[in-house]
2 protein chains.
Amino acid sequence: MKGASLEILKHNHLSVTESRKKILDLFLANIGALAHADIEKNTGEQFDRVTIYRTLQTFVDKGIIHTIPTADNSVLYALCKDECEQGHHHDNHIHFICDACNITICIDHITIPELKLPKGFAPKRRDVVVSGICNRCN
Amino acid sequence: MKGASLEILKHNHLSVTESRKKILDLFLANIGALAHADIEKNTGEQFDRVTIYRTLQTFVDKGIIHTIPTADNSVLYALCKDECEQGHHHDNHIHFICDACNITICIDHITIPELKLPKGFAPKRRDVVVSGICNRCN
DNA sequence: AAATTTTTGCAACAAAATTGCAATTATTAT
DNA sequence: ATAATAATTGCAATTTTGTTGCAAAAATTT
């Protein structure tokens, strides 16, 4: 488990740096999604804000993490599952946001039912954001 | 059709001002959702940024418009249908974002299918964001 | 039409995000 | 292992986005 971040970086042809390893480790250690501020805090302000922005962008580009649409439009990032390839994310995402503890988690093993859209609409990616009370607060 | 915005404002016990009328007219004239910047442009920079922010907030509070969760976390607003009451929005929203023309529209007449969540999760509100190609670009 | 209430615009401020560039660090080739 | 090359980082400056207090202006009420 210790070299997981390293593996992921190498697999994505990214140079291995302190910031990338630590930030990726954070995602691996966390169930929930992370905001930029979370990362800044959890790395002990070890890295420049700009570095964190760029690292997150790089990870998104490579398909390692993805952004989550939120109702309050804060920017959240979460790990992609293996099915996500560079530039070609897994098309169905369910995210659960807990109103109590405010955690945001990806629920990957549940499939989104087909949606019948009006004529002419060609859906590609579907994001479902469910909010309520999570299993740990319930 | 010309007095629609006026009606809506009166119905919601809001004083009728130039900015509110014009901004509401913009929503009524538009199929798609609008961002703060769109409104600033489309009103010809007639109103102060702050006024637009406050007007949008007022409309959200009254349930006239609602925010849309987006993957790129830009803040979008769209008209609510009649079912939306103040502080109590219609719970099921489908939003479609076109990858080609970038328009975002509410698809209100389609219901979101039930989702089977893992044990312990109590869902309250569901947002569905679908992206792909819209009927006009197709 | 005057009194009252609400809204607006300005200025200042705060937070969030982006860009260019030199210094540093990682990778590649020898 | 070390030098050469390439990529990444941190800093400073800037831009964008959103907020707050307050006096002037506009809308509503009486």
Side-chain angles (χ1 to χ4, degrees), chain A residues 3 5-26 33-62 64-77 86 104, chain B residues 3 5-27 33-62 64-77 86 102 104:
Chain A
S5 53
L6 204 136
E7 284 306 309
I8 295 173
L9 291 175
K10 282 189 176 170
H11 183 259
N12 284 281
H13 312 294
L14 291 172
S15 3
V16 178
T17 66
E18 269 306 289
S19 43
R20 285 179 180 165
K21 264 190 293 179
K22 286 241 172 129
I23 292 173
L24 193 43
D25 278 338
L26 257 185
L34 297 172
H36 180 276
D38 296 325
I39 294 163
E40 225 175 335
K41 271 180 225 146
N42 278 294
T43 50
E45 275 129 41
Q46 180 178 171
F47 308 111
D48 195 87
R49 288 169 44 74
V50 180
T51 301
I52 297 173
Y53 279 120
R54 289 196 271 225
T55 303
L56 289 170
Q57 190 53 55
T58 303
F59 287 175
V60 169
D61 290 345
K62 289 288 183 180
I64 300 170
I65 61 176
H66 60 270
T67 58
I68 300 177
T70 59
D72 69 340
N73 290 98
S74 57
V75 187
L76 290 178
Y77 302 87
Q86 178 170 357
T104 298
Chain B
S5 55
L6 204 136
E7 284 306 309
I8 295 173
L9 291 175
K10 282 189 177 169
H11 184 259
N12 284 280
H13 312 294
L14 291 172
S15 4
V16 178
T17 66
E18 270 305 290
S19 44
R20 285 180 181 164
K21 265 191 293 181
K22 287 242 172 129
I23 292 172
L24 193 43
D25 278 338
L26 257 185
F27 279 105
L34 297 172
H36 181 276
D38 296 325
I39 294 163
E40 225 175 335
K41 271 180 224 145
N42 278 294
T43 51
E45 276 130 40
Q46 180 179 173
F47 308 112
D48 194 88
R49 288 164 35 76
V50 180
T51 301
I52 297 173
Y53 278 119
R54 289 195 271 225
T55 303
L56 289 169
Q57 191 52 56
T58 303
F59 287 175
V60 169
D61 291 344
K62 289 288 183 179
I64 300 170
I65 60 175
H66 61 270
T67 58
I68 299 177
T70 59
D72 69 340
N73 292 100
S74 56
V75 186
L76 290 179
Y77 302 87
Q86 178 170 358
N102 214 39
T104 298

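Residue numbering restarts at 1 for every chain, and letters A, B, ... go by the order of the sequence lines. Everything numeric in this text was worked out from a predicted model, so none of it was measured.
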- Proximal nucleotide (of D:dT17, D:dC11, C:dT7) relative to the A:Val50 side chain: D:dC11

- Item | Atom-pair distance (CD on B:Glu45; P on D:dT16), nearest Å | 13 Å

- B:Tyr53 OH to C:dA11 C1': how many Å, rounded? 16 Å

- Query: Roughly, in whole Å, what's the span from CZ in B:Arg54 to P in C:dT7?
  - Reply: 10 Å

- note: B:Gln46, atom CD; C:dG9, atom C1'; distance rounded to Å ~ 13 Å

- Query: C:dG9, C:dA17, C:dA26: which one has an atom nearest the side-chain heavy atoms of B:Thr51?
  - Reply: C:dG9

- Message: Between A:Ser19 and D:dT9, is there a contact of a side-chain N or O with OP1 or OP2 at under 4.0 Å?
- Response: yes

- Item | For atom CG of B:Asp38 and atom C1' of D:dT16, their distance in whole Å | 15 Å

- Closest to the 5' end of DNA chain D, once B:Val75 and B:Val16 are matched to their nearest nucleotides, is B:Val75

- Does any non-hydrogen side-chain atom of B:Tyr77 lie less than 4.5 Å from one of B:Asp38? no

- Item | Axis bend over the full length of the helix from C:dA1-D:dT30 to C:dT30-D:dA1, computed from five pairs that close each end, to 10 degrees | 40°

- Message: In whole Å, I'd like the distance from the CD1 atom of A:Ile23 to the C1' atom of D:dG10.
- Response: 13 Å

- Message: Taking 4.0 Å as the cut-off, does a side-chain nitrogen or oxygen of B:Ser15 come that near to OP1 or OP2 on D:dT28?
- Response: no

- Query: Side chains of A:Gln57 and A:Asp61: does their closest heavy-atom pair fall under 4.5 Å?
  - Reply: yes

- Minimal heavy-atom distance between A:Gln46 and A:Thr43, with the atoms involved, is CB-O, 3.0 Å

- Taking the side chain as every heavy atom from C-beta outward, state whether B:His36 and B:Val75 have any atom pair closer than 4.5 Å. no

- Which atom pair, heavy atoms only, marks the closest approach of A:Pro69 to A:Thr67? CD-O, 4.0 Å

- Query: Do the side-chain N or O atoms of A:Arg49 get closer than 4.0 angstrom to the phosphate oxygens (OP1, OP2) of C:dA17?
  - Reply: no

- Message: I need the CD-C1' distance between A:Glu40 and C:dA17, as an integer number of Å.
- Response: 12 Å

- Single hit among A:Ile64, A:Asp25, A:Thr55, A:Asn12 for side-chain contact (heavy atoms from CB on, under 4.5 Å) with A:Arg20: A:Thr55

- Could you state the NZ-C1' distance from A:Lys10 to C:dA26, rounded to the nearest angstrom? 12 Å

- Shortest non-hydrogen contact between A:Leu24 and A:Ser5, atoms and distance: CD2-O, 3.6 Å

